[in-house]
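Below: one structure, written as structure tokens.
Both counts, for ligands and for their atoms, begin at 1 and track the order of listing. It should be emphasised that the depicted structure is a prediction, and the values quoted were computed from it without experimental measurement. Keep in mind that the numbers below use all heavy atoms, side chains included, and drop hydrogens, waters and symmetry copies.
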Amino acid sequence: LDRVSAILAGDVRAAARLMREADDRVPEAFLVLSALHPHTGRARIVGITGNPGAGKSTLVDRLVSFHRRAGKRVGVVAVDPSSPFTGGAILGDRIRMQRHATDDGVFIRSLATRGHLGGLSRSCVDVTRVLDAMGFEEILVETVGVGQDEIEVTRAAHTTVVVTAPGLGDEIQAIKAGILEAADVFCVNKADKDGADAAVRDLEMMLALANEPVFGGAHSAHHAPGALDVAKAVDSVDASTWRPPIQKTVASKDQGTAELVAAIDAHGRWLAESGEGERRARRRAREEILARLRESLVSRAIGEHGAEIDRSVDAILARATDPYRAADALVATVLAGAGTLP
Ligand SMILES: Nc1nc2c(ncn2[C@@H]2O[C@H](COP(=O)(O)OP(=O)(O)O)[C@@H](O)[C@H]2O)c(=O)[nH]1
Ligand SMILES: [Mg+2]
């Protein structure tokens with residue numbers, strides 16, 4: 001396919017078309033994506049997530065500049081969880097990253113929630129795959145840390161940075177539990193504002209509680225409070241557990257950017273040396289297969305047995321059957337039909 005070589009050669013229009021088609025589930029798009037897969041695996045994918053207004057887009061803009069100065073090509077995926085209602089969010093992100101718009105070493109792509117199950121994380125994986133194949137070495141995925149879909153998106157990243165900032169209400173409470181578990185690195189942005197140190201202390205406390213063993217050892221020396229800084233994180237590289245470092249930044253003044261990158265780098269080394277990177281890669285591949293499997297089986301059931309599904313709905317309401325038996329019967333029908341198709 002010459003579409004494949006065009007994309008591998010860095011053709012931005014061909015790449016954008018493929019991303020659109022993958023989003024629309026055009027079957028040929030998957031042939032192209034499939035041909036691109038052997039050319040992937042080189043990019044580092046970093047998720048940047050957290051509350052709206054924490055400064056994620058400003059930070060992403062700084063990270064892009066940082067990586068560009070190091071001569072790296074950078075892809076940005078901006079996920080907007082609610083675009084049908086707030087079209088302005090992506091526009092704002094776009095404006096904040098405007099200065100990179102004419103840099104062909106930077107590719108910025110916005111993704112909107114489409115409503116289909118797991119669709120956002122799937123689209124995100126497809127887009128990062130294309131960027132990876134095109135030779136973008138750093139891929140930054142910005143997503144608001146709310147909702148299951150957005151948490152799924154961060155699972156596609158090698159390293160997830162959770163960004164918070166003082167003045168957003170109860171910062172720590174505002175971070176969803178799920179996203180907290182996904183955090184590899186914490187960033188307390190807007191360190192120029194009052195309350196930044198308190199936010200750091202809250203995070204440290206929370207991490208200490210999360211690490212505290214249930215039996216014994218709870219008051220051992222390592223429990224001593226203190227900044228979980230990058231140096232400590234680097235020290236812990238050979239340990240089996242990773243303690244998420246907390247980095248303060250002032251994104252609006254480009255302060256702390258290099259340190260944040262150093263923390264992300266340290267996590268990358270830990271992933272490689274601990275074997276966790278490999279485990280996560282296996283988990284991602286497995287989840288992708290399962291997502292694809294669900295999608296094709298469900299769309300096949302709907303496409304080929306829509307009438308039976310409708311009849312089942314009627315029958316369930318009439319109490320002539322129940323959801324369990326109805327679903328089992330549909331599975332049997334789909335599987336029986338599977339062999340007879342060309
Ligand atoms: N005081 C201060 N404001 C910041 C900082 N970083 C970002 N902002 C401002 O915070 C607002 C939200 O930033 P934005 O990057 O859009 O946040 P996002 O919603 O997380 O993407 C914007 O007005 C930024 O200019 C910072 O470090 N300090
Ligand atoms: Mg933003």
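A salt bridge does not link Asp126 with Arg25: none of the charged nitrogens is closer than 4.0 Å to a carboxylate oxygen. In summary, Arg129 and Glu288 engage in a salt bridge, as defined by a charged side-chain N under 4.0 Å from a carboxylate O.
To the nearest 0.5 Å, atom CD of residue Glu21 and atom CZ of residue Arg3 are 4.0 Å apart. With rounding to the nearest 0.5 Å, the separation of CD in Glu259 from CG in Asp265 is 12.0 Å. One finds the OG1 atom of Thr128 at 8.5 Å from the CE atom of Met19 (value rounded to the nearest 0.5 Å).
Of the candidates Asn189, Asp192, Asp254, Thr249, it is Asp192 that places a heavy atom closest to atom 1 (N) of ligand 1. The residue from Gly53, Pro166, Gly256 that puts a heavy atom closest to atom 12 (C) of ligand 1 is Gly53. When Lys253, Lys193, Lys190 are ranked by how near their heavy atoms come to atom 4 (C) of ligand 1, first place goes to Lys190.
Below 30°, between 30° and 60°, or above 60°: for Trp242 and Trp270 the angle between ring planes is between 30° and 60°, a tilted geometry.
Taking any N or O of Gly55, backbone or side chain, at least one lies under 3.5 Å from an N or O belonging to ligand 1. Considering backbone and side-chain N/O of Ala251, one or more are found under 3.5 Å from N/O of ligand 1. Distances between N or O atoms of Ala54 and those of ligand 1 include at least one value under 3.5 Å.
Under the 3.5 Å distance criterion, with hydrogens and angles disregarded, no donor-acceptor pair is assigned to the side chains of Thr249 and Gln255. Residues Thr159 and His267 bring a donor and an acceptor atom of their side chains to less than 3.5 Å of each other.
The N, O or S atom of Glu142 lying closest to the Mg ion (ligand 2) is OE2.
Heavy atoms of Glu142 come nearer than 4.0 angstrom to ligand 1 in at least one pair.
With a heavy-atom cut-off of 4.0 Å, Thr58 touches ligand 1 through backbone and side chain alike.
Proximity to Val250 (heavy-atom distance under 4.0 Å) selects the following atoms of ligand 1: 27 (O). Under a 4.0 Å criterion applied to the non-hydrogen atoms of Asn51, ligand 1 contributes the atoms 20 (O).
For residue Thr58, no N/O/S atom approaches the Mg ion (ligand 2) to within less than 2.8 Å.
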